[in-house]
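Heads up, the thing below is written out as structure tokens.
The structure displayed is predicted, hence computed values, not measured ones.
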Amino acid sequence: DAGVIQSPRHEVTEMGQEVTLRCKPISGHNSLFWYRQTMMRGLELLIYFNNNVPIDDSGMPEDRFSAKMPNASFSTLKIQPSEPRDSAVYFCASSLGLAGAYEQFFGPGTRLTVL
Amino acid sequence: SQQGEEDPQALSIQEGENATMNCSYKTSINNLQWYRQNSGRGLVHLNLIRSNEREKHSGRLRVTLDTSKKSSSLLITASRAADTASYFCATVGIQGAQKLVFGQGTRLTINP
């Protein structure tokens, strides 16, 4: 199994631009998570899908952030417009079931730099 | 809050020694999980211990859970240079969406 796949691995953009991060979960997993990791705030859960339906988006910082999961094998996290404080590593993870009951498998992350 | 807090924040030991990392939390949990993160990589699951369990072993790893003290420990025996990484505990509460809430992590360095 290829594991969780994220693209791009690195993204450098200018303030105000739209950024789209992509994730392909492990086949057969029905839960998908987007996290953000920074030195200051650590690892934060942004949003969590189960069976393609958003279950908890309380971690999404602002309306500038949106996430979709159109099918079981693909999800996007979009930031529009981007700001320098959005610079972080964004991780996608997937699991077999509900968040707490199973281990989560993390992708390699997307390092986002907003200038 | 539910968030786990690791202690110490950083730990440096010699190869072959044992490494112990601790995690404390504030609210009742369903389970507690430990993850490892190598520099520049994603997190890797190490262990899941449920609230009704007290100890689990996996190879050189030993995880304990004391719900009365709201604390957990991760012990790595006979450490190796490859164990150098950050280690995170993550708690799952008994209410709400049951999402993982990560602590700030312990940075472990194994010196050859």
For [X], look at atom [atom1] and say whether over 12 heavy atoms of other residues, nucleotides or ligands are found less than 6.0 Å away.
X: A:Arg111; atom1: CZ; result: no
X: B:Arg60; atom1: CZ; result: yes
X: B:Gln9; atom1: CD; result: no
X: A:Glu14; atom1: CD; result: no
X: B:Arg54; atom1: CZ; result: yes
X: A:Asn71; atom1: CG; result: yes

Which heavy atom in B:His45 sits nearest to a heavy atom in A:Gln104, and how many Å separate them?
->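 Answer, listing the atom of B:His45 first, then A:Gln104: CB-O, 4.1 Å.
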Consider only side-chain N and O atoms of B:Gln37 and A:Gln37, and report whether a donor and an acceptor are under 3.5 Å apart.
->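 There is such a pair between these side chains.
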A:Ser58 versus B:Lys99, side-chain donor and acceptor atoms under 3.5 Å =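 There is such a pair (donor and acceptor under 3.5 Å, judged by atom type) between the side chains of B:Lys99 and A:Ser58.
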[atom2] on [Y] to [atom1] on [X], rounded to 0.5 Å:
X: A:Phe106; Y: B:Tyr35; atom1: CZ; atom2: OH; result: 5.5 Å
X: B:Leu43; Y: A:Phe105; atom1: CG; atom2: CZ; result: 13.0 Å
X: A:Tyr35; Y: B:Leu100; atom1: OH; atom2: CG; result: 4.5 Å

Of the backbone (N, CA, C, O) and the side chain (C-beta and beyond), which part of A:Leu43 lies under 4.5 Å from a heavy atom of chain B, both, or neither?
->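 It is both, since atoms from each part get that close.
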